[in-house]
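See below for the structure under consideration.
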Amino acid sequence: MNAYAPILVLGALGAGFAIFSVVMATLIGPKRYNRAKLQAYECGIEPTPTPAGGGRFPIKYYLTAMLFIVFDIEIVFLYPWAVSFDALGLFGLVEMLLFVLTVFVAYAYVWRRGGLEWD
């Protein structure tokens with residue numbers, strides 16, 4: 001338990017500072033409300049009504065999200081593999097080639113569907 005004591009103390013200090021900052025800002029911060037501050041804020045653009053189902057999103061939104069997830073997962077697996085490359089040997093190399101091939105299939109799908117074209 002002694003090995004984790006510094007981590008617990010640091011976590012407690014961080015949480016204490018965050019709570020203290022929020023409480024003090026609420027107590028002693030200025031409170032000047034007006035009609036403009038109480039309205040919904042959307043980057044200075046007047047909000048537009050949406051259909052009952054929430055509207056439709058273009059496919060590029062989903063393709064961009066999928067591309068981000070693909071590359072994010074690839075980095076998560078490539079970094080530890082690169083660190084322990086010598087210990088894994090030929091088995092690690094073959095497994096990583098299969099993984100990169102799988103990632104390439106997802107990349108080719110996004111490319112084919114037009115997810116990399118930024119019109």
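Both I28 and V23 are assigned to one and the same hydrophobic cluster, defined by single-linkage of ILVMFWY side chains at heavy-atom distances under 4.5 Å. Cluster membership for V100 and L97, using ILVMFWY side-chain heavy atoms within less than 4.5 angstrom, is shared. No continuous path of hydrophobic side-chain contacts links L101 to Y109 [ILVMFWY only; heavy atoms under 4.5 Å]. With hydrophobic clusters built from ILVMFWY side chains whose heavy atoms lie under 4.5 angstrom apart, L27 shares a cluster with F20.
The line from CZ of F104 to CD of E74 is 11.5 Å long, rounded to the nearest 0.5 Å. The structure places OG1 of T64 at 11.0 Å from CD1 of I69, a figure rounded to the nearest 0.5 Å. Atom CZ of F71 and atom CG of L78 lie 11.0 Å apart (nearest 0.5 Å). The OH atom of Y4 sits 10.0 Å away from atom CG of L8, with the distance rounded to the nearest 0.5 Å. Remark: L90 CG to E95 CD distance equals 10.5 Å, nearest 0.5 Å.
The two residues F99 and I73 have their closest heavy-atom pair at CZ-O, 4.1 Å. Looking at every heavy atom in both residues, W81 comes nearest to L88 through CD1-CD1, 3.5 Å. Nearest heavy-atom pair across K31 and G29 is NZ-O, 3.2 Å. A pairwise comparison of heavy atoms in V70 and A106 identifies CG2-CB, 3.7 Å as the closest pair.
Aromatic ring orientation, W111 versus Y107: tilted (interplanar angle from 30° to 60°).
Counting non-hydrogen atoms of neighbouring residues, nucleotides and ligands closer than 6.0 angstrom, the CZ atom of F77 reaches no more than 12 such neighbours.
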